[in-house]
There are 2 protein chains.
Amino acid sequence: MAADPSSFKEKKVITIGIVSELTGLSERQIRYYEERKLVFPERTPGGSRRYSFVDVEQLVEIANKIEDGVQTYEIRQEMIKEKKKHKDEAHKKMIQGQLNARFGVRKY
Amino acid sequence: MAADPSSFKEKKVITIGIVSELTGLSERQIRYYEERKLVFPERTPGGSRRYSFVDVEQLVEIANKIEDGVQTYEIRQEMIKEKKKHKDEAHKKMIQGQLNARFGVRKY
DNA sequence: CGTGTAAGGAATTCTGACACG
DNA sequence: CGTGTAAGGAATTCTGACACG
């Protein structure tokens with residue numbers, strides 16, 4: 001039901017050069033969006049960035065917004081709101097789960 | 001019905017170093033299995049290998065077979081047989097499709 | 001046969017900075 | 001603000017070869 005945690009799409013395995021190919025963005029742009037806290041690649045022991053397919057998709061969205069004149073700061077605010085919404089939903093679900101555990105529930 | 005051609009799992013985007021981490025195999029092993037025609041990474045313009053998640057999964061299977069004493073040549077024969085089987089199935093389907101087109105068919 | 005390793009070179013990536021605006 | 005670029009260095013990858021067995 002929830003997203004598969006071992007999902008390939010979320011695995012950080014793509015180098016910045018490939019991401020650049022995939023998105024059409026320059027490496028400069030990709031690194032800058034990280035600086036502005038819009039993407040969060042992992043690092044190899046040697047310090048190279050590794051992105052997931054989800055990151056790649058988000059980078060394209062970010063680039064589109066910027067093309068529309070949205071500033072990185074605003075994009076970041078949107079992202080924070082999104083995150084909050086998801087957290088609230090998760091919280092609601094958890095409460096629900098606790099209630100179900102406490103008072104029982106028929107699953108079907 | 002068929003595998004999504006734009007599937008992430010099949011995109012060749014992973015460098016050999018990451019594949020090595022993911023599989024636990026040495027880069028030497030990974031390159032050798034390519035030499036023996038068991039995996040087929042793509043190349044960047046610069047000549048670096050790029051693997052897909054499917055490749056990664058297959059590499060693990062290959063390594064397991066080798067551990068069991070199977071030789072690369074035999075593994076390759078198995079792969080060829082597999083491919084033939086798939087081709088036959090595809091062929092059968094195509095014939096079926098042609099028959100359906102020729103004489104009509106109720107889909108449900 | 002399958003794998004480790006040292007060797008030398010080429011491609012990739014990194015950071016900090018200057019530039020334009 | 002967002003992006004290009006030249007700069008110097010470090011990490012990554014490549015190939016062909018020798019070694020063991």
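This structure is a prediction, so every number in the text was calculated from the model and none was measured. A, B, ... follow the sequence lines: proteins, then strands. Residue 1 opens every chain. The basis for the numbers below is simple: all heavy atoms, side chains too, and nothing from hydrogens, waters or symmetry mates.
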### Query
Between A/V70 and A/R50, who's closer to the 5' end of DNA chain D by nearest nucleotide?
A/V70
#### Entry: Rounded distance in Å - CZ (B/R31) to C1' (D/dA17)
14 Å
#### Entry: Atom-pair distance (NZ on B/K37; C1' on C/dG2), nearest Å
17 Å
### Query
What integer distance in Å separates B/E35:CD from D/dC14:P?
13 Å
### Message
Please check: side-chain N/O of B/K11 versus main-chain N/O of B/Y51, any donor-acceptor pairing under 3.5 Å?
### Response
no
### Query
Checking only heavy atoms, does the side chain of B/R49 share a donor-acceptor pair with the base of D/dT13 at less than 3.5 Å?
no
### Nucleotide C/dT15, atom C1' - distance to CD1 of A/I30 in whole Å
16 Å
### Nearest-nucleotide pick for A/I66, side chain only, options being C/dT12, C/dG4, D/dG2
D/dG2
### Watson-Crick or G-U wobble partner of D/dC14, both distances under 3.5 Å
C/dG8
### Query
At under 4.0 Å, does any side-chain N or O of A/R28 touch on OP1 or OP2 of D/dT5?
no
### Message
What is the distance, to the nearest angstrom, from the CD atom on B/Q29 to the P atom on C/dT3?
### Response
4 Å
### Distance below 4.0 Å between A/S48 side-chain N/O and C/dT12 OP1 or OP2
no
### Task
Could you work out which one of D/dT12, C/dG2, D/dT13 sits closest to the side chain of B/Y32?
C/dG2
### Message
Expressed as a whole number of angstroms, how long is the span from A/I16:CD1 to C/dT15:P?
### Response
9 Å
### Query
Donor-acceptor pair, A/S48 side chain versus A/T44 backbone, under 3.5 Å?
no
### Task
Determine yes or no for a side-chain-to-main-chain donor-acceptor pair under 3.5 angstrom, with A/E57 supplying the side chain and A/V54 the backbone.
no
### Message
With a 3.5 Å distance limit and no angle check, can you tell me whether B/E10 reaches the backbone of B/S7 through a side-chain donor-acceptor pair?
### Response
no
### Query
Do A/F8 and B/F8 have ring centres separated by under 6.0 Å?
no
### Query
Mapping A/G17 and B/Y33 onto DNA chain C by nearest heavy atom, which one lands closer to the 5' end?
B/Y33
### Task
Check whether any side-chain nitrogen or oxygen of A/T15 sits under 4.0 Å from OP1 or OP2 of D/dT12, and answer yes or no.
no
#### Entry: Atom-pair distance (CZ on A/R43; P on D/dT12), nearest Å
12 Å
### Task
Counting Watson-Crick and G-U wobble pairs only, both distances under 3.5 Å, name the nucleotide matched with D/dT3, or none.
C/dA19
### Task
Rounded off to whole Å, could you give me the CD-to-P distance for the A/E27 and C/dG16 pair?
17 Å
